[in-house]
Number of protein chains: 2
Amino acid sequence: MRVTIAEVAQRAQVSKATVSRVLNGKPDVDASTAQRVRRVIDEIGYVPSARAVGLARGRTRTVGMLAPSLTWPWMGEVLQGVVDTLEADGYGLLLYTVNRGPESLNQFANHVSANAFDGLLVIEPPDALHYISTLYRAGLPVVMIDDRGTHPEFPSVATTNRQGGADAARHLVASGRTRFAVVTGPLHFGCTQARLDGFREVLSSSGFPLHPDLVVESDFTTTGGGVAVEKLVNSGLEFDALFAHNDLSAVGAMRALRENGRRVPEDVAVVGFDDVPVASHCEPLLTTVRQPLQEMGAAAARMLISTLEGRQLPDHPTVLPTSLIVRESAP
Amino acid sequence: MRVTIAEVAQRAQVSKATVSRVLNGKPDVDASTAQRVRRVIDEIGYVPSARAVGLARGRTRTVGMLAPSLTWPWMGEVLQGVVDTLEADGYGLLLYTVNRGPESLNQFANHVSANAFDGLLVIEPPDALHYISTLYRAGLPVVMIDDRGTHPEFPSVATTNRQGGADAARHLVASGRTRFAVVTGPLHFGCTQARLDGFREVLSSSGFPLHPDLVVESDFTTTGGGVAVEKLVNSGLEFDALFAHNDLSAVGAMRALRENGRRVPEDVAVVGFDDVPVASHCEPLLTTVRQPLQEMGAAAARMLISTLEGRQLPDHPTVLPTSLIVRESAP
DNA sequence: AAGTCTCGTGAAATCGCTCCCACGAAGGTC
DNA sequence: GACCTTCGTGGGAGCGATTTCACGAGACTT
């Protein structure tokens with residue numbers, strides 16, 4: 001049998017109400033009484049039932065997180081940041097994905113309606129954006145971890161995509177490269193545009209134009225990166241520097257370059273984006289724009305906790321700085 | 001204001017008990033009554049409160065998962081398997097790590113005592129094993145995802161480590177290699193022993209001895225793999241095949257081999273273990289023994305659900321088969 | 001000495017559901 | 001026709017906390 005507050009109350013010769021007061025650090029409890037109650041609690045190892053507290057208080061000290069997929073290379077980092085932060089404040093994390101399509105989303109919706117958690121962390125969901133938006137307007141605290149663009153309708157955390165693109169360009173220019181190519185992410189993503197803009201701006205202010213045929217849209221995958229390079233090579237235009245909009249496509253690109261007889265970095269310098277683990281495992285080691293993934297997760301979690309505890313959130317997104325990690329592929 | 005079961009009851013002109021019966025598919029409800037109740041439920045979009053159900057029933061339809069770290073390269077796959085399976089059965093997943101040391105474990109212990117979840121999924125925890133064991137004996141349903149060895153005290157899922165080692169050996173022998181080296185995992189892990197045994201057995205029955213100086217202990221990291229290869233090279237013994245006990249060390253090993261003037265696979269064929277994403281991103285692509293990570297997660301989740309729903313579990317661990325994925329590093 | 005304030009405390013309602021028990025009506029048996 | 005069963009249903013006591021409200025005992029006024 002579970003030990004309940006009633007048992008504590010009985011042993012300490014007080015009412016349940018008083019035990020509850022002690023538990024929650026409420027004032028109006030005599031010091032000696034409080035101490036007696038606390039001793040009993042320690043003795044019998046009483047811990048309040050999460051369920052009962054949740055029911056009575058209407059809040060569960062649990063937050064939900066909805067992620068499109070857990071197998072993406074940077075999910076682990078973000079998740080770790082989130083979990084560590086929540087944990088430090090005694091919050092639990094309920095994890096959901098929409099991996100199994102509409103049915104997943106349905107299950108998720110049920111958990112939402114069932115009030116299984118107090119607030120929601122979202123990683124830019126592919127399809128569910130509208131639904132999330134509804135929830136948010138209905139009063140569910142939501143914070144979005146936004147790797148793709150900007151969604152001003154939610155509180156969110158993002159990175160300096162534009163700045164990252166600019167840094168990549170500056171580094172390549174500084175190392176003496178003159179002919180630039182880009183393998184982008186999907187063009188309808190805000191982050192793709194931002195990375196491209198930053199990159200392009202630095203180039204043009206350095207006097208290097210970015211030839212339109214040397215900007216190829218891709219899809220953030222390794223194979224996509226390879227295909228993009230084929231296109232670049234087939235364009236017949238020369239290039240000695242390549243900016244890929246994420247690490248996966250950079251890796252695919254490097255491989256394709258090699259297969260086309262270009263050495264990296266001698267013939268073509270390559271810069272990626274993200275700094276996922278593979279960047280430090282591939283050959284050559286990838287120079288890349290680092291997103292502080294773990295910090296992003298942590299920041300989002302902190303923001304959500306803030307709203308849950310009644311603090312007001314700034315209405316502009318939290319933006320964390322990227323940083324250029326120089327490795328072998330673009331020394 | 002939340003819609004409650006009382007409101008449904010009132011609108012459908014029945015008692016709360018009857019609504020509850022309909023909700024839980026209990027028998028003894030008149031078909032037409034049930035239908036009326038269901039209509040009301042749909043109309044006002046009623047969803048039972050998870051908290052209240054949990055309190056009343058004593059079970060939350062939520063399971064906890066304790067993972068040492070979320071950033072390990074294969075965590076994502078396992079997690080995805082777990083989440084998908086749980087979700088399909090309407091269970092939620094509460095995620096914990098012990099990333100922040102003893103304090104994390106403490107927080108976790110609190111959630112356990114608070115009965116925040118019905119059962120626990122564990123990935124072989126570094127330190128907490130004894131504690132988990134206590135919980136298990138105290139009646140908490142536990143299933144362990146066991147990547148390191150065998151822990152007969154728990155229900156668990158594992159892979160055919162020995163078989164995997166044997167497959168690696170067979171493949172290398174078949175491709176004409178004759179001098180074998182091994183970069184192991186930590187020797188006190190059960191999986192390391194199993195992989196080594198399987199490998200060694202096939203070799204000796206093929207008439208190739210495994211020279212003790214060509215078996216080097218490592219730590220499952222990329223740098224560790226590199227260091228191990230240095231030792232192998234310094235031993236002065238020749239080898240034309242290398243079996244690394246995980247992919248990360250295999251990648252480190254390949255790099256070190258190259259730096260020592262050995263070509264992969266021409267001079268040395270390399271086989272890894274795990275088949276994490278990096279295996280298909282590195283250069284050359286890594287031949288490796290695949291662990292069905294997602295399936296392992298799914299299997300563990302299914303086992304846990306089974307016990308939660310009262311079914312008996314077989315008392316031997318579930319063992320999922322590895323499979324050899326042939327890529328470039330050992331064609 | 002009567003009246004007003006604090007302070008610490010307990011009783012009881014509440015959160016939203018499940019589930020046991022009791023009960024009336026209909027149908028079956030002898 | 002009296003007596004069981006069976007079936008469908010409602011009443012109400014839990015689950016284990018929080019929280020409101022009332023109340024008695026001192027301390028402080030005037």
Side-chain angles (χ1 to χ4, degrees), chain A residues 1-38 40-41 44-62 90 92 110-118, chain B residues 1-38 40-41 44-62 90 110-118 309:
Chain A
M1 202 49 203
R2 252 194 85 75
V3 294
T4 72
I5 199 174
E7 181 167 348
V8 176
Q10 188 197 323
R11 295 209 190 200
Q13 319 252 46
V14 295
S15 70
K16 295 192 301 172
T18 299
V19 177
S20 176
R21 289 187 185 101
V22 173
L23 242 29
N24 299 292
K26 292 273 169 65
D28 290 349
V29 180
D30 185 80
S32 74
T33 313
Q35 193 166 350
R36 180 155 38 95
V37 170
R38 258 189 287 272
V40 172
I41 289 179
I44 65 177
Y46 165 73
V47 179
S49 149
R51 295 196 268 269
V53 175
L55 180 58
R57 258 214 276 259
R59 317 202 307 120
T60 38
R61 247 188 137 67
T62 297
N110 258 333
H111 277 93
V112 174
S113 321
N115 265 300
F117 44 79
D118 302 337
Chain B
M1 201 49 204
R2 252 194 86 75
V3 293
T4 71
I5 200 175
E7 182 166 348
V8 177
Q10 187 196 325
R11 295 211 193 198
Q13 318 255 45
V14 295
S15 69
K16 296 192 301 172
T18 299
V19 177
S20 176
R21 288 186 187 102
V22 172
L23 242 27
N24 299 293
K26 293 273 168 66
D28 292 347
V29 179
D30 187 79
S32 75
T33 312
Q35 193 165 353
R36 180 155 38 95
V37 170
R38 259 190 286 272
V40 172
I41 289 179
I44 64 180
Y46 165 74
V47 178
S49 149
R51 294 197 268 269
V53 175
L55 181 57
R57 256 213 278 256
R59 315 201 311 120
T60 39
R61 248 189 136 67
T62 296
N110 258 332
H111 276 93
V112 175
S113 321
N115 265 301
F117 44 80
D118 301 338
E309 312 205 321

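Convention: sequence-line order gives letters A, B, ...; per-chain numbering from 1.
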Within the structure shown, what part of the strands sits under 4.0 Å from B/V14 by heavy-atom distance: base, sugar-phosphate, or nothing?
sugar-phosphate
Quick one: B/I5 CD1 to D/dG12 C1', roughly how many Å, whole number?
14 Å
I want to verify a distance call: between C/dG8, C/dT18, D/dG8, whose nearest atom is closest to the A/D30 side chain?
C/dG8
Donor-acceptor check, side chain of A/R36 to backbone of A/A12, threshold 3.5 angstrom: yes or no?
yes
Is there a donor-acceptor pair under 3.5 Å between the side chain of A/N24 and the backbone N or O of A/K26?
no
Closest nucleotide among D/dC15, D/dT19, C/dC15 to the B/A56 side chain:
D/dC15
For D/dG10, does either OP1 or OP2 sit under 4.0 Å from a side-chain N or O belonging to B/S15?
yes
How long is the line joining CD of B/Q10 and C1' of C/dG16, in whole Å?
15 Å
How long is the line joining CZ of B/R59 and C1' of C/dC19, in whole Å?
15 Å
Rounded distance (Å) that lies between atom P of C/dT18 and atom CZ of B/R61:
12 Å
Hey, does the side chain of B/T33 come within less than 4.0 Å of D/dT9's phosphate (OP1/OP2), counting only N and O?
yes
Please figure out whether B/T18 or B/L55 has its closest DNA chain D nucleotide nearer the 5' end.
B/T18
Between B/D28 and A/R51, the residue closer to the 5' end of DNA chain D by nearest nucleotide is B/D28
Between D/dA17, C/dG16, C/dT18, spot the one nearest the side chain of B/L23, thanks.
C/dT18
Under 3.5 Å: donor-acceptor pair, side chain of B/R59, backbone of B/V53
no
Is the shortest heavy-atom distance from the side chain of B/L23 to the side chain of B/Y46 under 4.5 Å?
yes
Do B/N115 and A/S49 have side-chain N/O donor and acceptor atoms under 3.5 Å apart?
no
Selected nucleotide, minimal atom distance to B/K16 side chain, candidates D/dA17, C/dT18, D/dT19
C/dT18
Taking OP1 and OP2 of C/dG16, is either one under 4.0 Å from a side-chain nitrogen or oxygen of B/S49?
no
When you measure from the side-chain N and O atoms of A/S20 to the phosphate of D/dT18, is any distance below 4.0 Å, counting only OP1 and OP2?
yes
Out of D/dG10, D/dT19, D/dG14, which nucleotide sits closest to the side chain of B/A17?
D/dG10
Would you check if A/R21 and A/T18 make a side-chain contact, meaning some heavy-atom pair closer than 4.5 Å?
yes
Would you classify A/Q13 as touching base, sugar-phosphate or nothing, given that sugar-phosphate means primed atoms plus P, OP1 and OP2, and contacts are heavy atoms under 4.0 Å?
sugar-phosphate
Specify the residue among A/A34 and B/K26 whose closest nucleotide of DNA chain C lies further upstream toward the 5′ end.
A/A34
Using only heavy-atom distances, decide whether a donor-acceptor pair under 3.5 angstrom links the side-chain of A/R21 to the base of C/dG10.
yes
Among the nucleotides C/dC17, C/dT18, D/dT18, which one has an atom lying closest to any side-chain atom of A/R57?
D/dT18
Minimum-distance nucleotide (side-chain atoms of A/A52 versus D/dG8, C/dG10, D/dA17)
D/dA17
